[in-house]
Every structure is written in structure tokens, then in C-alpha cells.
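Data first, discussion second: the structure below is written as C-alpha cells.
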Amino acid sequence: MKKFHHNIYYCFVLLTVLQLSACSRTFLEVKPQKQQVVVETLQDITALLDHANVMNRTDYSRLISDGDFYYTDAKVASIPEVQRNLYLWNVTIDPTNLHTASWDLPYQQIMYANIAMETLEEMSRGNDNRASWEELYGRARFFRAWAHYQLLQDFAEGYDNRRNDQLGIPILTKSTYPQSIERASIEDVYNFILTDLEESVLHLPERSSIKTRPSKQSGYALMARVYLNLGDFEAALLHVQYALELDKTLLDYNMLSLTDPLPFAKFNFLSHPEIIFFTSSNVPLVAIAGIEGAEQVYSRYSDDDLRKKVFFNDERLYTGTYSGASSYHFTGLAIDELYLIQAESLIRLDRLEEGINVMKELLSNRFVYNDVTVDIPDRMEELLYWILEERQKELVGRGTRWTDLKRINRDSETQVDLTRVYNGEQYELPANSSRYTFTIPLDEIQISGIEQNVRK
């Protein structure tokens, strides 16, 4: 049998084509086995986890559905049916049942991570390979957590600690196909993710110069996200602090050229100082005619808020990807998000002055001449609402809004009903609608027997 590293590119392309392009069969249906690829050495494992076209991609569904962007009528009419149904929040997303990438891609990432861990566990560790072994093991644990997290955001409700009946997604811990598959609870999936992340940070370096590779900081950042979703603001704050102790650099937007078509073009995914962990959407929405910043988002930026011109051009097309390239729509982890999690957690813990100071530090790097010319509320209710608005304005186009809507819609004081108009007809997505979960591929339901999400 040929060594994997002799044919690594071919094998990856073949797997991607077979498992993602052959959309009539889901990834779990084809029963991926470790024997599909030969992984034997640390170099093989490195190549497996460095395959960014698989490991550092996220699905586009949330970006289209979350309300950050407005599509012109002509654009809606021209896009594929699946994207149109996602945009209009229709009950049926894919009438053909052929488009399964949003499910397949994360499970392919999980399979690669499991292969990596199983191979590492079969190796002996000595002084000559211990450091490499440790880091690769940490990377695999992080990637497995990241992929399970992405699946939860697409195929599960927002977490509600008042309920014990919330279905999550199947947890896969082995590269071999399990005899039976079932959906774990949302709480169990989040606990599994946290366990993987807690283990990963024990093995990863503090920061990574290659930002498609996870680091200790990215582990803490994702844990902070998870705890925010769970409503555990003490834990979210603690893990943000761990992450910011490693690096708290914010980019001063006054240093950017507002005349560049893409203001972050002076950077790339390796050099942007705020990027912690880089991923990009498998369908970029950057600088595409007919896809504009939604009015309810765009109108909230004041004229001296540099984000208005950094994130959108004069035609209101989205130009704010941290990758600095239109082909890579950034959806990963960044330092500015840590400040937002920190501020929101402080406010929810009734530490108002501290939360305000965190926001002032962030926004001073976003306003002309570093002068924050906004009226900041001083009462908790108004302050929380303001911070949630600032979170949307700062993270626009990152793919986080869909998850934020799920969690803030649990509270009647912060609920958001989304509306859109297409060809004169109004479409609505009420808070807590069942359409906040996407449908699991039909083939997966038929073969594994897991319960389907109901959209109505």
C-alpha cells in the first residue's frame, strides 16, 4: 500500500469530490473508514490537519439567513434555489434533497480529527517527537470541537436551560462508522465540545503564526463563545480573560485606507493582528453586486464610525472580511469578539462600569481620531441592548449573528423578529421560530433513523 504522504493532494481532492460533490449521499452514509487514507507518521497527520480547504471551511447557510445582508430582487431571482429559500426563510430549503454540504463538511472535519487522534494514540512518544505529538493532538481535539460546534449552530435550537428535551447532533468520537447513530442533547454536545477544548489547550502553543492552525488562545476563545451561548457569563468572562492575557491587540481602523476596494487588503489571513483562528465560508459574499448591508444594520453606523466605510463600500457591498481577499469570507475567531464577550458578560453580571470601559477601548479603535462620539447608556437594560447592537455592528458578516439571535430571543426583552420583502411580498422569521434550525439531509434520516428537525 502506498504511503499517504506520497499521494496526499490526490487523496484529499478525491475524498472532497466523492463526499461533498456527490450530494446525493451524505457523509455519514458513505461510512468513512480510517483505511480510506493511510496516515502513519507525524508528517502525515500534519498534512491531514493542514488541509485548509476542508478543515478551515464553514458553511454559508447562516450568513444568508441571519439578516445582516440584503439581496436585491434581481439577485434573489438569480441565485440557486437553496440559497433563495435560505434567504427567504422558506419552510423547505432543498426540494431536491441533494445539497448536503452543510452536514457533510463538519463531519468530514470530525473524521480527519478522529483519524489524527487515533494515529497519534498508536504512536510511541519519545524526546525526539514529543513536542510535535503534543501539538498535533491539541490541534485534532480543537478541530473536532470546532466542527461539532458548527453543526450545533446549524442543526439545533439555541440552548435553553429550562428545557431537557432539546436535540443536538450526533457526537462522533471514532473514525470508523458507528453501529448506531443518535442525536445527543444540546447540553451533552456542548459538554463534549468543552471537554475537547479543555484538553486541547493543554497541548497547544499560546499563539500560532499559521492562523489556520489552532492555538491555546483559539481554544479559550471558543470556550468563551460556548459559555456565552450557555448563559454562563462567569465562565465566559474567565475564558475571555485567559485568551486576552495571551494577546489583546486591536487594530486601529484609522490606519486603514478607506479608498481601497477591500480596506483590509494590506493584511492577509496570516498577518491580520486581530485574527486568532482563520476559517472562511465555502460561499463568499464579499463585494458581490446585489448583496448589500441590510438597512437596519447599515443605518446604525454614525458617519464618524469608521466601520461604516471599512465594512461597506459606497454601494453598500460588504468589504469587511478580515482576510483582505474577496475569495475568503472570514468566519473564524478574532480578538474583537473577545472584547464583546467580555463587555456583555460584565454587563450581565451587573459590573456596568467595567463593561463600559471595555467597550470604550474597543470602539476607540473604530472611530475617527479614536474619539468615541456615541452616547453610552448607563442603565443596565439600555446598556445591554446597546452592547448587543454593537456586537452585530462589529461582527457583521462573520456568521455569528444566527447564533446570537437564537440566544437573545430566549429573553422577551431582547427578542428580534426578522422581515424581508421580495417582489412586493413580505417574508418573516419570528423570534424562536422552528426555522432557526436547518433540515438534516434526507438520506441521513433514512439510513440512521435520527429525528428530523421540523420547520414550520
Side-chain angles (χ1 to χ4, degrees), residues 56 135 138-139 142 146 197 200-201 204-225 227-228 236-258 260 262-280 305-311 319-325 328-346 354-372 387 390-400:
N56 298 88
E135 183 173 346
R139 284 188 214 166
F142 176 89
W146 175 263
L197 292 173
S200 76
V201 298
L204 289 169
E206 292 184 352
R207 292 277 284 163
S208 177
S209 59
I210 301 175
K211 294 183 180 180
T212 52
R213 294 177 176 176
S215 63
K216 198 180 296 290
Q217 188 179 36
S218 57
Y220 289 137
L222 185 52
M223 278 191 268
R225 255 197 203 183
Y227 282 120
L228 186 70
L237 184 60
L238 178 64
H239 287 85
V240 162
Q241 290 169 341
Y242 289 156
L244 290 177
E245 285 172 1
L246 298 174
D247 189 354
K248 58 183 300 183
T249 303
L250 287 170
L251 176 65
D252 186 348
Y253 283 12
N254 286 279
M255 307 299 293
L256 299 173
S257 171
L258 302 184
D260 286 345
L262 295 175
F264 294 110
K266 64 186 293 186
F267 303 105
N268 58 40
F269 69 90
L270 294 178
S271 62
H272 194 296
E274 289 187 16
I275 292 179
I276 299 171
F277 173 67
F278 182 85
T279 63
S280 62
D305 186 338
L306 291 167
R307 293 174 298 184
K308 187 173 188 176
K309 291 187 176 180
V310 169
F311 293 164
T319 56
T321 179
Y322 266 18
S323 71
Y328 293 102
H329 187 139
F330 175 66
T331 56
L333 299 167
I335 290 173
D336 59 345
E337 183 183 353
L338 295 177
Y339 279 77
L340 291 161
I341 295 174
Q342 184 179 41
E344 182 181 340
S345 297
L346 287 166
E354 292 174 82
I356 289 171
N357 288 337
V358 170
M359 288 303 297
K360 284 181 176 178
E361 185 176 356
L362 171 63
L363 293 178
S364 68
N365 289 277
R366 302 303 190 244
F367 275 72
V368 175
Y369 305 127
N370 309 111
D371 183 16
V372 183
I387 283 180
E390 286 299 320
R391 181 175 170 87
Q392 183 182 19
K393 288 159 62 178
E394 177 72 20
L395 303 180
V396 62
R398 303 267 188 96
T400 57

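Source: prediction; values computed, not measured. Just so you know, residue 1 is the first one in the sequence shown, and it goes up from there.
- In this structure, OG1 in Thr279 is found 7.0 Å from CG in Asn56, a value given to the nearest 0.5 Å.
- With sequence neighbours left out, Glu390 forms a salt bridge (Lys or Arg N to Asp or Glu O under 4.0 Å) with Arg307, Lys393.
- Of the inter-residue distances, the one linking Leu346 atom CG with Ile341 atom CD1 reads 12.0 Å to the nearest 0.5 angstrom.
- Take Lys309 and apply the side-chain contact (heavy atoms from CB on, under 4.5 Å) test, not counting sequence neighbours, and it matches Leu258.
- Evaluated for a side chain to side chain contact (heavy atoms under 4.5 Å, CB included) with Ile275, the options Tyr322, Phe264, Phe267 yield exactly one hit, Tyr322.
- Contacts of Ser364 classified as side chain to side chain donor-acceptor pair (under 3.5 Å), with partners at least two apart in sequence or in another chain: none.
- Remark: Tyr220 pairs with no residue by the side chain to side chain donor-acceptor pair (under 3.5 Å) rule, at least two apart or across chains.
- Side chain of Lys211 to backbone of His272: a donor-acceptor contact under 3.5 angstrom is found.
- Every residue meeting the side-chain contact (heavy atoms from CB on, under 4.5 Å) condition with Asp260, not counting sequence neighbours, appears here in chain and number order: Ser257.
- Under the salt bridge (charged side-chain N to carboxylate O under 4.0 Å, His left out) criterion, the residue pairs touching residues 329-339 are Arg225-Glu337, Asp336-Arg366, Asp336-Arg398, Glu337-Arg391, with sequence neighbours excluded.
- Within the 4.5 Å cutoff, no side-chain heavy atoms of Val358 are placed close to those of Leu340.
- Heavy atoms only, all atoms of each residue included: Ile276 and Ser215 are closest at CG2-OG, 4.3 Å.
- Across all their heavy atoms, Ser345 and Ala236 have their closest contact at OG-CB, 3.7 Å.
- Formation of a donor-acceptor pair under 3.5 Å by the Glu206 side chain with backbone atoms of Lys216 is not found in this model.
- Closest approach of Ala221 to Leu333, counting heavy atoms only: CB-CD1, 4.2 Å.
- Under the 3.5 Å distance criterion, the side-chain polar atoms of Glu274 are matched with a main-chain donor or acceptor of Leu251.
- For the side chain to side chain donor-acceptor pair (under 3.5 Å) test, residues two or more places apart in sequence or in another chain that qualify with Ser323 are Thr321.
- Closest approach of Leu338 and Ala243 over heavy atoms only: CD1-CB, 3.6 Å.
- Under the ring pair (Phe, Tyr, Trp, His ring centres under 6.0 Å) criterion, Phe277 pairs with Phe142, Phe143, Trp146, not counting sequence neighbours.
- Minimum interatomic distance between Pro273 and Asp247 (heavy atoms only, all atoms of both residues): O-OD2, 4.5 Å.
- Every side-chain contact (heavy atoms from CB on, under 4.5 Å) that Ile356 has, sequence neighbours left out, goes to Lys360, Ile376, Leu383.
- To the nearest 0.5 Å, atom CZ of residue Arg213 and atom CG of residue Leu204 are 11.5 Å apart.
- Here Glu245 pairs with Tyr242 under the side-chain contact (heavy atoms from CB on, under 4.5 Å) rule; sequence neighbours left out.
- Under the rule for a side chain to side chain donor-acceptor pair (under 3.5 Å), the partners of Glu361 that lie at least two apart in sequence or sit in another chain are Tyr339.
- Atom CD1 of Ile335 is separated from atom CG of Asn365 by 11.0 Å, given to the nearest 0.5 angstrom.
- The two residues Leu270 and Ser209 make their nearest non-hydrogen contact at CD2-O, 3.7 Å.
- Taking 4.5 Å as the limit, some side-chain heavy atom of Leu256 sits within range of a side-chain heavy atom of Val310.
- Interatomic distance, Leu362 CG to Glu394 CD, rounded to the nearest 0.5 Å: 5.0 Å.
- Within the model, atoms OG of Ser218 and CZ of Arg207 stand 9.0 Å from one another, a figure rounded to the nearest 0.5 Å.
- Taking Phe278 as the reference, Phe269, Phe330 meet the ring pair (Phe, Tyr, Trp, His ring centres under 6.0 Å) condition, with sequence neighbours excluded.
- Ser200 places no side-chain N or O within 3.5 Å of a backbone atom of Arg139 that could act as its donor or acceptor partner.
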